[in-house]
Amino acid sequence: MGFTEQRFTVNLSILFAELPLLERPAAAAAAGFTAVELWWPWADSPTPGRSEPDALRKALRDAGVRLTGLNFYAGRLPGPDRGALSVPGEESGRFRANVDVAADFAASLGCTALNALYGNRVDGVDPADQDALALENLALAARAADRIGATLLIEALNRPESPRYPLVSAPAAMGVVDEVNAATGLDNARFLMDLYHLAVNGEDLPSVIDRYAERTGHVQIADSPGRGAPGTGSLPLEELLGRLRTAGYDGWVGLEYRPGGRPSAEAFDWLPREGRRPSPHANREAPS
């Protein structure tokens with residue numbers, strides 16, 4: 001089972017980032033893709049004015065690409081932050097202010113996956129207090145996602161690049177998924193399985209896939225080491241994605257890798273152009 005059997009979506013916050021935000025959807029379409037995803041596009045504002053979301057919505061529609069995933073406000077990303085929802089004070093407040101804004105923007109584009117990054121540990125704050133705040137805010141996000149028929153995603157990052165982020169293994173992220181679902185009763189929280197982060201953590205990827213595929217709401221990939229395109233590192237990504245499909249995952253696969261010192265449009269030579277559009281036999285909805 002090859003790459004052409006997958007449904008790929010391009011992360012426009014790391015690919016085509018050399019272009020202005022409003023030019024990226026058309027660039028992805030010109031490269032042959034029909035789907036994109038985004039981190040929260042306005043890192044300095046959880047509640048941007050109407051003109052900015054309107055302009056991005058128009059750019060996506062004009063390009064003819066579907067928005068398949070969106071992050072809630074996560075602080076300075078890219079940058080030192082790894083989310084805001086567990087950070088007491090102003091940042092947690094900014095996350096809460098963003099929840100309905102992000103959900104409404106996603107709903108306006110038919111996007112049904114919302115990623116909530118947990119946030120770094122804070123010096124002088126009891127981790128248990130941060131976890132309690134996180135659960136409160138994740139429950140709020142899960143209810144907003146449910147309102148628009150979306151899945152709430154919980155992601156594990158990697159310890160070397162995110163040493164203050166507490167969710168640095170698949171079991172740790174799945175533990176939070178379980179807590180959110182128990183707290184809300186909605187059962188709409190799912191694991192975001194980023195194979196790059198899990199590989200950097202040294203996890204047994206086939207075992208993670210076999211254990212968690214059925215409860216995975218989204219998958220992202222980059223090769224390791226280096227976080228480059230497939231084929232630039234040593235991960236058997238084609239084999240791993242085939243294993244995921246065999247295990248029952250038929251949702252989108254986010255391309256969240258760095259183009260590697262070249263224009264992003266040149267960073268897809270590993271994938272034949274016919275593989276950049278979803279197979280006509282692919283399930284059109286991500287698992288819920």
Side-chain angles (χ1 to χ4, degrees), residues 2-19 21 23-25 27-41 43 65-71 74 77-79 82 113 115 117 153 155-162 165 168 170 191-203 205 208-209 216-245 249 251-273 275-278 286:
F3 282 134
T4 56
E5 298 300 315
Q6 309 298 328
R7 293 196 293 149
F8 290 111
T9 181
V10 179
N11 190 298
L12 295 184
S13 298
I14 190 168
L15 284 159
F16 298 106
E18 69 271 21
L19 300 175
L21 175 63
E23 295 179 16
R24 298 177 201 173
F33 293 95
T34 61
V36 300
E37 62 183 22
L38 284 161
W39 303 340
W40 182 247
V65 294
R66 173 179 176 181
L67 182 67
T68 58
L70 178 69
N71 282 21
L77 187 72
R82 297 293 186 271
N115 184 25
L117 285 172
L153 300 173
E155 182 176 9
L157 302 182
N158 73 76
R159 189 180 299 277
E161 294 175 337
S162 304
Y165 190 82
V168 288
F191 180 38
L192 194 167
M193 186 186 292
D194 187 309
L195 295 177
Y196 166 75
H197 288 307
L198 300 178
V200 173
N201 284 329
E203 296 190 60
L205 297 184
V208 168
I209 288 168
T216 294
H218 187 49
V219 171
Q220 291 176 330
I221 64 168
D223 214 332
S224 178
R227 200 173 185 175
T232 61
S234 59
L235 288 185
L237 287 169
E238 192 168 12
E239 175 185 327
L240 292 168
L241 292 180
R243 191 181 188 107
L244 266 162
R245 286 188 67 86
Y249 180 79
W252 295 97
V253 175
L255 303 179
E256 198 186 46
Y257 59 80
R258 300 187 184 100
R262 53 183 169 166
S264 295
E266 299 176 8
F268 303 107
D269 51 356
W270 59 276
L271 181 62
R273 197 171 182 89
R276 302 176 192 184
R277 295 174 177 269

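Residue numbers count from 1 along this sequence.
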Which atom names give the shortest non-hydrogen contact between A170 and V208, and what distance separates them? CB-CG1, 4.0 Å
Working for side-chain contact (heavy atoms from CB on, under 4.5 Å), residues D269 and R262: CA-CA 12 Å; D269 51 356; R262 53 183 169 166; 3.7 Å; yes
May I ask you to test the L244-V253 pair for a side-chain heavy-atom distance under 4.5 Å? no
Decide yes or no for P278 and T34: does some side-chain heavy atom of the first lie under 4.5 Å from some side-chain heavy atom of the second? yes
Within the structure provided, determine whether L255 and T9 are in side-chain contact (heavy-atom separation under 4.5 Å). no
Straight-line distance of L195 CG to E256 CD, nearest 0.5 Å: 11.5 Å
Sequence-distant partners of R258, salt bridge (charged side-chain N to carboxylate O under 4.0 Å, His left out), two or more places apart: none
Quick one: do the N201 and N158 side chains pair a donor with an acceptor below 3.5 Å? no
Using the rule given for side-chain contact (heavy atoms from CB on, under 4.5 Å), can you reason through L117 versus E155, listing the C-alpha separation, both sets of side-chain angles and the distance that settles it, and then say yes or no? CA-CA 6 Å; L117 285 172; E155 182 176 9; 3.5 Å; yes
In short, T68 meets A35 closest at the heavy-atom pair CG2-CB, 3.7 Å
Shortest non-hydrogen contact between W39 and S13, atoms and distance: N-OG, 2.9 Å
Pair E203, H197 - check side-chain contact (heavy atoms from CB on, under 4.5 Å), show working. CA-CA 9 Å; E203 296 190 60; H197 288 307; over 6 Å; no
Shortest non-hydrogen contact between P230 and F3, atoms and distance: CB-CZ, 4.1 Å
Measuring from M193:CE to L240:CG, what's the distance to the nearest 0.5 Å? 10.0 Å
Give a yes or no answer on whether the side chain of E18 reaches the backbone of S264 with a donor-acceptor pair at less than 3.5 Å. yes
Has the side chain of R82 got a donor or acceptor atom that lies under 3.5 Å from a matching backbone atom of S162? no
pair P225-S234: side-chain heavy atoms closer than 4.5 Å: yes
Can you tell me if H218 uses its side chain to pair, donor with acceptor, with the backbone of W252 under 3.5 Å? yes
Polar side-chain atom of D223 near backbone of G228 as donor-acceptor pair, under 3.5 Å: no
Nearest-0.5 Å distance, CD of residue E5 to CG of residue L241: 11.5 Å
Y257 side chain vs A267 backbone, donor-acceptor pair below 3.5 Å: yes
Going through the distances and angles, do L19 and R24 end up as a side-chain contact (heavy atoms from CB on, under 4.5 Å)? CA-CA 6 Å; L19 300 175; R24 298 177 201 173; 4.1 Å; yes
Nearest 0.5 Å please: distance from the CG atom of L38 over to the CG atom of N11. 6.5 Å
Indicate yes or no for a side-chain donor-acceptor contact from R227 to the backbone of Y196 under 3.5 Å, with no hydrogens or angles considered. no
Output the distance between atom CD (E23) and atom CZ (F16), rounded to the nearest 0.5 Å. 12.0 Å
Just so I know, are the side chains of W270 and E238 near enough to count as touching, which here means a heavy-atom distance under 4.5 Å? no
May I ask you to test the V10-V65 pair for a side-chain heavy-atom distance under 4.5 Å? no
First locate atom CG of D194, then atom OG1 of T216, and finally report the distance between them rounded to the nearest 0.5 Å. 11.5 Å
